[in-house]
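Heads up, the thing below is written out as structure tokens.
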6 protein chains.
Amino acid sequence: MNHIPAKTALVVSAHSADFVWRAGGAIALHAAQGYNVHIVCLSFGERGESAKLWRKGAEMTESKVKAARREEAQAAADILGATIEFFDIGDYPMRADKETLFRLADVFRRVQPEFVLSHSLKDPYNYDHPLAVHLAQEARIIAQAEGYKPGEKIVGAPPVYSFEPHQPEQCDWKPDVLLDITEVWDKKYAAIQCMAGQEHLWEYYTRVALQRGVQAKRNIGITAKKDIIYGEGYQSIFPRVTENLG
Amino acid sequence: MNHIPAKTALVVSAHSADFVWRAGGAIALHAAQGYNVHIVCLSFGERGESAKLWRKGAEMTESKVKAARREEAQAAADILGATIEFFDIGDYPMRADKETLFRLADVFRRVQPEFVLSHSLKDPYNYDHPLAVHLAQEARIIAQAEGYKPGEKIVGAPPVYSFEPHQPEQCDWKPDVLLDITEVWDKKYAAIQCMAGQEHLWEYYTRVALQRGVQAKRNIGITAKKDIIYGEGYQSIFPRVTENLG
Amino acid sequence: MNHIPAKTALVVSAHSADFVWRAGGAIALHAAQGYNVHIVCLSFGERGESAKLWRKGAEMTESKVKAARREEAQAAADILGATIEFFDIGDYPMRADKETLFRLADVFRRVQPEFVLSHSLKDPYNYDHPLAVHLAQEARIIAQAEGYKPGEKIVGAPPVYSFEPHQPEQCDWKPDVLLDITEVWDKKYAAIQCMAGQEHLWEYYTRVALQRGVQAKRNIGITAKKDIIYGEGYQSIFPRVTENLG
Amino acid sequence: MNHIPAKTALVVSAHSADFVWRAGGAIALHAAQGYNVHIVCLSFGERGESAKLWRKGAEMTESKVKAARREEAQAAADILGATIEFFDIGDYPMRADKETLFRLADVFRRVQPEFVLSHSLKDPYNYDHPLAVHLAQEARIIAQAEGYKPGEKIVGAPPVYSFEPHQPEQCDWKPDVLLDITEVWDKKYAAIQCMAGQEHLWEYYTRVALQRGVQAKRNIGITAKKDIIYGEGYQSIFPRVTENLG
Amino acid sequence: MNHIPAKTALVVSAHSADFVWRAGGAIALHAAQGYNVHIVCLSFGERGESAKLWRKGAEMTESKVKAARREEAQAAADILGATIEFFDIGDYPMRADKETLFRLADVFRRVQPEFVLSHSLKDPYNYDHPLAVHLAQEARIIAQAEGYKPGEKIVGAPPVYSFEPHQPEQCDWKPDVLLDITEVWDKKYAAIQCMAGQEHLWEYYTRVALQRGVQAKRNIGITAKKDIIYGEGYQSIFPRVTENLG
Amino acid sequence: MNHIPAKTALVVSAHSADFVWRAGGAIALHAAQGYNVHIVCLSFGERGESAKLWRKGAEMTESKVKAARREEAQAAADILGATIEFFDIGDYPMRADKETLFRLADVFRRVQPEFVLSHSLKDPYNYDHPLAVHLAQEARIIAQAEGYKPGEKIVGAPPVYSFEPHQPEQCDWKPDVLLDITEVWDKKYAAIQCMAGQEHLWEYYTRVALQRGVQAKRNIGITAKKDIIYGEGYQSIFPRVTENLG
């Protein structure tokens with residue numbers, strides 16, 4: 001009996017919650033479609049995106065913050081149906097050396113993703129985000145090279161999508177894909193609620209999903225007409241190859 | 001017995017040969033997939049794109065040029081498997097009044113296209129091309145309006161794609177879709193050969209197709225790996241709505 | 001006793017509801033600050049933005065639609081504290097001849113606005129919107145010319161701002177101003193509710209205001225820290241002249 | 001004895017003084033090199049760029065303004081060594097019908113220019129300027145078409161350059177050519193002084209020339225090192241074809 | 001008796017003279033308005049912007065050059081009314097490690113600036129300039145993070161402005177703010193004259209100030225009409241938050 | 001007897017074959033015109049662009065791959081008439097430290113190039129390419145600085161051109177120069193054939209040359225009309241300084 005291996009996807013997240021706000025719908029949706037979705041969290045967002053924990057005062061330490069954020073991220077990944085690993089390379093500022101690059105290239109080789117999700121190419125509010133997507137892109141290129149660990153199976157040219165940054169226009173981010181996440185919204189919102197320290201963002205990203213849902217409905221043809229409520233926007237970095245324009 | 005109506009597509013071409021060079025593959029491919037593809041030729045390219053005919057000298061007249069170009073375009077459409085109509089609004093310069101706009105809006109209502117193909121938004125070498133795509137876009141908007149000919153069936157929001165201009169970088173045209181037209185290349189090349197007066201372009205657009213084919217192969221993932229030889233590039237004007245990023 | 005004339009502002013709206021969704025906060029806010037704000041509605045949006053009315057069926061006529069939309073727009077302007085006039089030049093498609101241009105230039109001369117609000121420069125979903133802002137800009141230029149109706153008081157160079165389109169990224173609209181409209185939100189929402197036929201947009205634009213409010217809080221310095229809940233985004237077309245960068 | 005006809009150039013100026021401020025150096029320089037340079041002034045700038053004349057009060061009329069501006073422009077052209085003609089199509093707003101387009105296309109055919117100078121593609125301060133360059137570009141395209149007045153000698157594809165607008169960055173104008181006009185600066189400044197009504201611009205454009213001169217010196221290699229004092233900036237609309245990159 | 005602390009501003013300058021040419025007016029103006037303006041000079045410009053000193057020949061050393069440039073910069077800062085410190089991280093090429101980043105983040109925390117001035121994001125003529133503004137931006141982000149030196153007072157989100165590079169269009173720098181520096185021009189010019197080794201730039205930047213002054217006058221409304229002679233241009237990196245558009 | 005030194009040019013190539021595909025025509029053409037053209041290969045492309053060699057299996061080693069690629073590159077340079085040196089800094093990923101930067105700056109000083117050729121500023125498919133052009137640009141800046149190795153002859157400001165990347169539109173590369181390489185095409189094609197391991201690219205880049213040749217013919221004026229068959233496209237990074245626009 002033949003076994004067809006599941007399709008896979010890779011998400012590269014700068015901080016421990018980014019993949020939830022920005023790509024939680026895509027993760028849950030593709031997991032529901034049978035994809036093995038794997039998430040790499042480059043850092044826990046311990047310095048820059050854990051304000052509420054730090055405000056607890058002097059007893060708080062970086063390792064406590066990291067542990068708390070790891071737990072939340074793991075719980076969110078579980079809800080979304082994805083696996084997750086943590087590179088723990090630090091944030092604010094994030095820096096990536098060659099070792100980290102090769103580590104991520106090795107993930108690409110292991111996962112052999114059908115598509116990749118990461119941050120926007122530009123974000124004047126957050127320098128870790130562009131670094132993450134650039135790292136993901138360069139790792140993808142390394143993983144394509146026959147001369148890197150010769151003999152290993154190289155990767156193809158999976159499409160890469162930038163998920164939505166916090167202030168999209170200021171990041172020159174322009175979605176060319178609107179993903180209908182209506183059927184998995186409950187999972188995304190459950191994952192969002194794992195982020196106990198960032199409650200102020202729960203409703204913000206609910207509204208983002210509603211707006212993208214309305215916009216999705218405004219961009220479909222007659223035969224596609226259906227009930228979309230929640231959406232996520234993505235910007236393609238590469239052209240897509242297809243046999244149908246409909 | 002139920003009848004599922006065929007899906008449809010609409011191509012808006014400024015001159016009588018544009019749809020062949022730039023979208024012949026997409027037309028043949030979707031026709032082969034069962035789409036009813038309809039082409040609107042706004043002009044015959046009688047003034048600006050019929051140099052060889054005019055060089056025949058004094059006996060040549062505009063109506064003779066038009067007749068010749070119409071015949072070629074009809075033959076090409078036949079080969080590609082599409083229907084075609086001619087608005088005959090003149091070229092070099094092309095101008096469109098409200099009547100032409102409504103005429104095209106009515107075509108949108110009649111055809112109810114799943115997708116639309118037209119020119120690039122900018123072309124410093126050819127002012128008729130941007131006019132054609134702007135006309136197509138505005139006609140699409142009119143056809144969406146409940147208050148235009150109230151009671152008629154309005155159109156949805158079909159995606160619009162710009163096909164490839166002659167000098168793509170100078171037109172700020174950047175393909176985000178690469179269409180694999182390998183299986184219909186013979187039809188496209190047969191249609192190209194209908195354009196007797198523009199033989200200098202036959203090999204030019206063959207090379208375009210080969211280059212886009214190579215590029216398509218460079219933009220696909222592992223599971224999609226297949227033999228692409230000929231391609232056509234398209235630039236989306238609107239975001240696409242989807243449930244899958246793979 | 002000296003009388004200092006009130007400052008003034010001018011809003012140029014393509015359709016009868018645009019000024020409400022997109023600039024209702026700015027209008028109410030400046031009215032509350034003592035500005036005389038004047039709105040020009042170029043059309044009633046009778047064809048393209050009155051779907052609910054048209055769906056009432058055969059008894060509906062264009063003049064009934066116009067009357068209904070005029071009433072709503074007038075009510076909204078009253079709530080916001082602005083004056084309004086209707087050019088009634090038609091929509092879908094909107095076209096403006098020289099007469100309309102001069103009519104609007106005359107409004108500029110009469111109002112002598114401190115600033116001008118209108119649409120985004122680009123909108124692939126709506127061709128009337130860019131036309132409106134281009135008309136506004138050209139009318140402003142005519143009104144600055146000494147040789148147009150020589151002897152009349154010309155206008156200065158008031159800043160022009162593009163208000164937010166429905167799908168901001170698709171319109172290449174990038175806000176460089178975030179206006180705090182928290183204190184007048186109740187008025188804006190009351191004006192929004194005048195638009196009986198477009199109830200689906202009420203919550204959409206409430207969410208827009210909440211998102212812009214959150215973003216505004218993310219873009220202020222220490223001393224400016226205050227409670228912003230609702231915002232409106234604007235894109236400046238001209239550089240602003242100032243004596244303070246703080 | 002063979003006669004080699006002089007090379008030619010064409011300048012399309014929206015108003016009667018534009019060619020002086022923006023391209024006076026190029027005109028004088030190429031005239032000095034033996035080119036026949038021909039200027040088309042589409043209008044006299046009678047409404048929008050003749051403020052000082054209009055401020056003379058009620059005795060001033062449009063025909064007096066035009067006559068004064070014509071005289072100045074003719075004097076400037078004489079100094080620069082160019083021929084000039086006036087289309088007198090009006091300004092503020094400028095509008096061009098098909099007849100004007102064909103009239104300009106006929107100038108292209110008659111002049112057979114080696115290169116063309118006109119305005120920037122965008123100018124939010126002045127809508128006549130972009131109209132002029134668009135008209136020039138479309139006329140060039142018409143003049144290239146074999147089917148326009150068949151039998152006449154068509155034009156080639158002469159490069160088109162946008163000269164410098166008043167506020168370059170606001171017009172998204174970016175010079176890719178810096179022309180050394182040092183040796184003809186005296187002529188340009190003499191031509192500038194013909195514009196009696198716009199004395200406030202004399203020193204403005206002198207400073208522009210000095211800045212472009214300094215910038216030119218900053219963009220030359222070792223062997224080209226020479227004494228440049230005055231410059232003019234141009235933006236190419238088309239790629240240049242060459243056999244040398246040095 | 002209550003003491004209201006002075007507002008503050010921070011200027012990050014790659015080389016020792018950049019803040020003078022590019023932001024001297026803003027510094028003097030805000031100092032005159034009561035701001036405490038603090039300048040960080042990342043380097044002395046000892047290698048790349050001290051040509052005249054180096055041309056003195058073999059007796060010149062890097063430490064002599066640095067001392068001379070420091071003295072000039074200190075004198076200029078004194079005239080402008082600002083404090084200054086020197087990071088001395090080297091130039092041509094400038095490189096910044098994490099230690100430098102944290103050092104600058106600590107300055108942000110100490111100064112708590114209302115606004116920040118630095119270089120343009122791009123400069124093909126000078127790679128130290130973009131590095132400086134990127135360093136400033138990342139330091140600002142670090143200084144905002146609760147997890148960086150927890151317990152310290154974090155900074156808000158002060159606006160950041162790019163001052164004018166030497167060849168503005170080539171740097172894709174587009175001013176959206178024109179600052180009227182007429183009343184402090186004498187101070188700016190006095191500070192400029194401290195730069196003994198770069199006399200060729202004195203008149204260049206005087207002309208820049210005059211051009212920006214003229215442009216400022218072209219961008220103001222009726223009630224703002226006033227006598228502006230000298231200006232400085234700035235490009236905002238973030239949207240401004242305001243309650244008034246007039 | 002006076003000796004006029006030959007003009008020189010510098011090519012900075014990330015991998016050992018880039019200069020052939022992308023600039024082989026320019027190299028051969030200028031060599032034929034008497035230029036001394038010098039090529040710096042930063043790496044051999046041993047990891048990322050030597051797939052065919054690696055596929056030979058386990059006996060292949062990095063040093064064997066390098067030796068093979070060096071030989072090919074040397075042979076190609078010989079055919080084109082250029083000198084070549086290899087920095088051997090590694091590829092996939094390429095990284096450049098200060099030592100490499102200074103080494104390249106020293107090449108600039110030694111060569112004193114009239115112009116410089118390197119990669120496009122952006123390339124999402126290949127991160128070594130942008131690194132190479134950025135390194136070239138920064139080295140050029142260092143070589144211009146009087147304070148770098150004081151006393152040495154500094155370089156001027158030679159123009160820098162980006163040659164054509166593999167997928168031009170995806171790299172936002174837009175040619176503004178089309179170089180006629182017809183007369184040296186045989187040399188370029190002979191050099192191309194040295195790249196034994198990349199035979200799939202031979203016809204790809206032949207087609208590129210043919211397309212650029214056709215486009216060149218479409219961008220020339222009457223008097224320049226001549227027979228161009230093969231071309232290469234270049235994008236200027238700096239404005240060119242000239243005394244003639246024809």
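Chain letters run A, B, ... following the sequence lines, proteins first, then strands; residues in each count from 1.
Here C:E62 does not pair with B:K149 in a salt bridge; the nearest charged N to carboxylate O distance is not below 4.0 Å.
For the residue pair C:W54 and B:P150, the shortest heavy atom distance occurs at CZ3-CG, 3.4 Å. Between C:G48 and B:A145, the shortest heavy-atom contact is CA-CB, 3.9 Å.
C:M60 contributes atom CE, which lies 12.0 Å from atom CD of B:E146 (distance to the nearest 0.5 angstrom). Note that OH of B:Y148 is 15.0 Å distant from CD of C:E46, once rounded to the nearest 0.5 Å. In this structure, B:I237 CD1 and C:Y125 OH are separated by 10.5 Å, a value rounded to the nearest 0.5 Å. Residue C:R47 holds its CZ atom at 14.0 Å from CD1 of B:I141, rounded to the nearest 0.5 Å.
The shortest distance between side-chain heavy atoms of B:L101 and C:R95 falls below 4.5 Å. Two residues are said to be in side-chain contact when any heavy atoms from C-beta on lie closer than 4.5 Å; B:Q144 and C:Y92 fail this criterion. Side-chain contact between B:Q137 and C:Y127: present, with at least one pair of heavy atoms (C-beta onward) separated by less than 4.5 Å.
Annotation: maximal heavy-atom pairing with chain B below 4.5 Å, among C:P93, C:G57, C:G45, occurs at C:P93.
Counting heavy atoms of neighbouring residues, nucleotides and ligands inside a 6.0 Å radius, atom NZ of B:K122 exceeds 12 of them. Crowding of C:E85 atom CD: a count of heavy atoms from other residues, nucleotides or ligands under 6.0 Å exceeding 12.
For C:D91, no part lies under 4.5 angstrom from a heavy atom of chain B.
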